[in-house]
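Reviewing the structure listed below.
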Amino acid sequence: MRLTAIRGTRDLLPEELVRWRAVEETAREVFGRYGYREIRTPLFEATELFVRGVGAGTDIVEKEMYTFEDRGGRSLTLRPEGTAAVVRACLEHNLFAELPVLKLYYIGPMYRYERPQAGRYREFWQAGVEAFGSDDPALDAEVILCAYDFLTGLGLRSLTIHLNSLGDEERQTYVQALREYLAPHWDRLPARDRERFEKNPLRMLDSKEEITRALIQEAPQVLDFLSEKSRHHLETVCRLLEREGVPYRVNPHIVRGLDYYTHTVFEVTAEGLGAQDAVLAGGRYDHLVEEVGGRPTPGVGFAAGVDRLLLALEAQGVAPEPGPELDLYIAVIGEVRAEALALATRLRRAGYRVDLEFLGRSLRAQMKTAHKRNVPLVALLGEDELREQRATLRDMRSGEQRSVSLEELIPAVAQMLSHSNPN
RNA sequence: GUGAGUGUAGCUCAGGCCGGUAGAGCGGCUUGACUGUGGAUCAAGUGGUCGUGGGUUCGAGUCCCAUCACUCACCCCA
C-alpha cells in the first residue's frame with residue numbers, strides 16, 4: 001500500500017507555507033513588542049509532567065495523549081500543550097530567579113489523539129505566551145491586549161473575546177452550589193451531562209444539550225460566588241481592557257479544559273470556522289508552578305491555534321499577496337551550462353534569487369517556466385551572447401529587452417529590477 | 001470513543017440502481033503552427049493498480065464483507 005501521512009497529520013507544502021510564515025512572523029513581532037522572548041522545549045517530556053501540569057482527571061490526560069515507552073523503559077508523552085513544558089524548563093534552568101517578571105513565548109506543534117475534523121488535527125500548531133511572577137490584574141489585561149494585537153495584526157475580523165473568572169479557593173464552593181442546584185433535575189439530565197455532573201460539573205456550563213442549557217440559565221453564577229478579592233481582580237481586568245479599547249464580553253459559561261486555571265479565563269472565537277471556532281484561549285494559573293514542583297509563582301498566558309488562525313483567515317478572505325519567489329531566471333541556449341552556472345553564482349552571491357535551466361529544453365519552454373514562476377527578469381545566455389561576453393536581459397512585465405556585457409550585468413540587473421518593482 | 005456522508009486522472013466530477021474493453025471538463029508537461037523568446041489561440045502527444053484487501057461471478061469501477069483515509073457533527077479543545 002502507498003505510504004501516506006498518518007491520520008490527523010498533514011504536509012505543509014511550499015505554497016501554504018507562505019501564509020504560515022506570515023502568521024509566525026506576526027506572532028514573533030507582536031510578542032516581541034510586549035517583551036516576550038522565545039523558548040523552545042522538546043516535543044516530548046516525561047508523562048508525569050503533563051499528568052501533574054494539565055491535571056490527571058482531564059480528557060487530555062485521560063484519553064488524548066500520545067504516550068509511549070522508550071527503549072530505556074521511561075514513560076514519555078508527546079506534548080499535548082505548551083505551558084507545562086515551559087514551566088518545567090524555567091524550573092530546570094532557574095529562569096524565575098533571573099527576572100522578577102519572566103515573559104516567554106513559543107511556537108510549535110502539539111499532539112492530541114482526537115478524531116480529526118474541521119480545524120482539529122492530531123498534530124496541530126500553537127503559538128503562545130506565558131508571563132510569570134506577578135498576580136497583578138494589569139498583567140492579565142496586558143496578556144489579553146497582546147492576544148488582541150496579535151489577532152488583529154493578522155488581519156482577522158469578526159472576533160469575540162469571551163472573558164470569565166473561575167476565582168480561586170471559592171471555586172469549590174461554587175461547584176458545590178452548582179451540584180446542589182442541579183441534583184433535583186438529575187432525572188432530566190442527558191447521560192452525557194450526568195457524567196459531567198460527577199466528574200467536572202463546570203463543564204455543564206458550556207453543554208450543548210438543550211435541557212441542560214435551559215437549566216443553566218437559572219443556575220447559580222460563578223460571578224456571584226467570587227470573593228471580594230477575585231471580584232476586584234476581574235473588575236480591574238475589565239476596566240483596563242475598556243480603557244485600551246479591547247472589545248470583550250463577560251461570559252460566565254467559559255470554562256477551560258485544563259485544570260490549572262484560576263481567576264481570569266478567556267477564549268477568542270472567530271467567524272467562519274464551523275464547530276471548532278475557538279482560535280485562541282488562555283487564562284491565569286497561579287498554582288501551576290507549585291504543582292510541577294517549584295516555589296509558588298503566579299502566571300498568566302494564552303495559546304493560539306495556528307492551524308485555526310489560518311482557516312479563519314482563509315474563511316474571512318484575508319490572503320497576503322505571495323510575491324515572486326525568484327528575481328531572475330537564466331535561460332540557456334546551446335552548450336553554455338558552465339557559463340550559465342557561473343553567472344548564477346555571481347548573481348546569487350550578490351544577493352539575488354536565481355534559478356536556471358537544467359533540462360536543455362527549447363527557449364520557448366524556458367520562457368514559459370519563467371512566466372509561470374512569475375519571475376520579473378530573464379537573462380538569456382546563448383552561444384551568440386557568449387562569443388561577445390554579453391547576455392540579453394528581458395523585463396518580463398514590459399517585454400523590453402537589452403543586451404548587456406557580462407561585466408555590467410549586476411548593476412544592469414539591479415537597475416531593471418528596481419524599475420519593474422517600483423516599491 | 002459515537003453517528004452520518006464520501007473515496008474513479010493533478011483538480012472538479014460522470015459512470016454505480018440494472019456487472020460486459022475506464023470517460024468528460026479544467027489544469028500540467030512535451031512538441032509543433034511560430035529556426036533563439038512567456039502571456040492569447042489552435043493541433044498532436046502525454047495521464048488511472050477506480051483508496052486497500054478479500055468474497056460472489058465466466059467476467060467487478062459497479063454487488064457483498066472487511067479495512068484504511070477524508071469530510072461534517074457529537075465529544076473534546078487551540
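In what follows, chains carry the letters A, B, and so on, assigned in the order in which the sequence lines appear, proteins first and then strands, with residues in each chain numbered from 1.
The phosphate of B:rU31 has neither OP1 nor OP2 within less than 4.0 Å of any side-chain N or O from A:R364. Not one side-chain nitrogen or oxygen of A:R203 sits closer than 4.0 Å to the OP1 or OP2 atom of B:rC75. Under 4.0 angstrom from either OP1 or OP2 of B:rC74 there lies at least one side-chain N or O belonging to A:K208. Side-chain nitrogen and oxygen atoms of A:Q276 include none within less than 4.0 Å of the OP1 or OP2 phosphate oxygen of B:rC77. For the OP1/OP2 pair of B:rG36 and a distance below 4.0 Å, the side-chain nitrogens and oxygens of A:T392 include no atom meeting the criterion.
Counting any heavy atom pair closer than 4.0 Å across all strands shown, A:S362 reaches sugar-phosphate atoms only and no base atom. Counting any heavy atom pair closer than 4.0 Å across all strands shown, A:G399 reaches a base atom. Using a 4.0 Å heavy-atom cutoff across all strands shown, A:A127 reaches no nucleic acid atom at all. Within the 4.0 angstrom heavy-atom criterion, base atoms lie near A:Y121. At the heavy-atom level, A:R196 lies under 4.0 Å from the strands shown only through sugar-phosphate atoms. Contacts of A:A304 with the nucleic acid, taken as non-hydrogen atoms under 4.0 Å apart, are absent. Residue contacts shown for A:L363 include a base, since a base heavy atom lies under 4.0 Å away. Residue contacts shown for A:R361 are limited to sugar-phosphate atoms, with no base heavy atom under 4.0 Å away. In this structure, A:G119 reaches the bases: a heavy-atom distance under 4.0 Å links it to at least one base atom across the strands shown. Heavy atoms of A:K372 sit under 4.0 angstrom from primed sugar atoms or phosphate atoms, though from no base atom.
With a cut-off of 3.5 Å on both pairing distances, the Watson-Crick or G-U wobble partner of B:rU2 is B:rA73. Pairing of B:rG7, defined by two Watson-Crick or G-U wobble distances under 3.5 Å, is identified with B:rC68. Nucleotide B:rA43 forms a pair with B:rU31, judged by Watson-Crick or G-U wobble geometry with both contacts under 3.5 Å. B:rU57 is unpaired under the criterion used here, namely a Watson-Crick or G-U wobble arrangement in which both key atom distances are under 3.5 Å. Base pairing of B:rA24: its partner is B:rU12, meeting the Watson-Crick or G-U wobble criterion (both donor-acceptor distances under 3.5 Å). Remark: B:rA78 base-pairs with no nucleotide in the shown strands. Criterion, Watson-Crick or G-U wobble with two distances under 3.5 Å.
The side chain of A:F124 sits closest to B:rA78 out of B:rA73, B:rA78, B:rU31. Side-chain proximity of A:A281 to the nucleotides B:rG38, B:rU37, B:rA78 is greatest for B:rA78. In the set B:rC74, B:rA78, B:rG39, the nucleotide with an atom closest to the side chain of A:A275 is B:rC74. Minimum atom distance to the side chain of A:I60 is reached by B:rC77, of the listed B:rG39, B:rC77, B:rU30.
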- Message: Set out, in order, the CA-CA distance, both residues' side-chain angles and the distance that settles salt bridge (charged side-chain N to carboxylate O under 4.0 Å, His left out) for A:R387 and A:E383, then state yes or no.
- Response: CA-CA 6 Å; A:R387 244 192 311 280; A:E383 281 151 353; over 6 Å; no
- Task: Go through the steps to decide whether A:S403 and A:E385 satisfy the test side-chain hydrogen bond (donor to acceptor under 3.5 Å, both in side chains), and finish with yes or no.
- Result: CA-CA 8 Å; A:S403 171; A:E385 280 86 356; over 6 Å; no
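For A:L273 and B:rC72, the CG to P distance is 11 Å, given to the nearest whole Å. For the pair A:I254 CD1 and B:rC76 C1', the interatomic distance rounds to 14 Å; values are reported in whole Å. Rounded to an integer number of Å, the gap from CG of A:L393 to P of B:rG38 is 18 Å. Going from atom CD1 of A:I161 over to atom P of B:rA78 covers 16 Å, rounded to whole Å. We find that CG of A:L311 is positioned 10 Å from P of B:rU71, with the value rounded to whole Å. Look at CD on A:Q117: it is 6 Å from P on B:rC74, rounded to the nearest Å. Nucleotide B:rC29 holds its P atom 13 Å from the CD atom of A:E357, rounded to whole Å. For the pair A:Q126 CD and B:rC76 C1', the interatomic distance rounds to 14 Å; values are reported in whole Å.
Here A:M416 contributes atom CE and A:M396 contributes atom CE; the two are 11.0 Å apart, rounded to the nearest 0.5 Å.
At a non-hydrogen distance threshold of 4.0 Å, A:R7, A:G8 from residues 7-29 of chain A come into contact with RNA chain B.
Under 3.5 Å, the side chains of A:Y248 and A:E242 contain a donor-acceptor pair of N or O atoms. Side-chain polar atoms of A:Y329 and A:E357 form a donor-acceptor pair below 3.5 angstrom. Looking at A:T369 and A:R361, their side chains do bring a donor and an acceptor atom within 3.5 Å of each other.
B:rC13 and B:rU6: their P atoms are spaced 13 Å apart (whole Å). Using P as the reference atom, B:rU8 and B:rU49 are 12 Å apart when rounded to the nearest Å. Going from the C1' atom of B:rC17 to that of B:rC75 covers 36 Å, rounded to whole Å. The same atom, C1', is picked in B:rA40 and in B:rA4; the two are 47 Å apart, to the nearest Å. Using atom P as the reference point in both B:rG48 and B:rA24, the two lie 14 Å apart (nearest Å). A gap of 31 Å separates the P atoms of B:rG39 and B:rG23, to the nearest Å. Taking the P atom of each, B:rU57 and B:rG19 are spaced 15 Å apart, rounded to whole Å. Taking the P atoms as reference points, B:rC76 lies 43 Å from B:rC18, given to the whole Å.
A donor-acceptor contact under 3.5 angstrom links the side-chain atoms of A:Q401 to the base of B:rU37.
Where A:H371 and A:A303 each meet RNA chain B at their nearest nucleotide, the meeting point lying more 5' is that of A:H371. In terms of position along RNA chain B, the nucleotide closest to A:G274 lies nearer the 5' end than the nucleotide closest to the other residue of the pair A:T58 and A:G274.
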- Message: Walk along nucleotides 1-9 of chain B from 5' to 3' and tag each nucleotide B, S or - by protein heavy-atom contact under 4.0 Å, base first, then sugar-phosphate.
- Response: BBB------
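Salt-bridge check for A:E25 with A:R21: failed, with every basic side-chain N at 4.0 Å or more from each acidic carboxylate O. We find that A:R373 and A:E325 are joined by a salt bridge, their nearest charged nitrogen and carboxylate oxygen being less than 4.0 Å apart. In this structure, A:E130 does not pair ionically with A:K103, as no charged nitrogen and carboxylate oxygen lie closer than 4.0 Å.
Smallest separation of non-hydrogen atoms from A:R115 and A:R7: NE-NH2, 3.8 Å. The two residues A:V54 and A:Y260 have their closest heavy-atom pair at CA-CD2, 4.3 Å.
When each of A:L166, A:D135, A:V300, A:D168 is paired with A:T262, the side-chain contact (heavy atoms from CB on, under 4.5 Å) condition holds for A:D168 and for no other. Of the listed residues (A:R40, A:E24, A:Q126), just one forms a side-chain contact (heavy atoms from CB on, under 4.5 Å) with A:I107, and that residue is A:E24.
In this structure, A:R10 forms a cation-pi arrangement with A:Y121, its terminal cationic atom sitting closer than 6.0 Å to the ring centre and no more than 45° off the ring axis.
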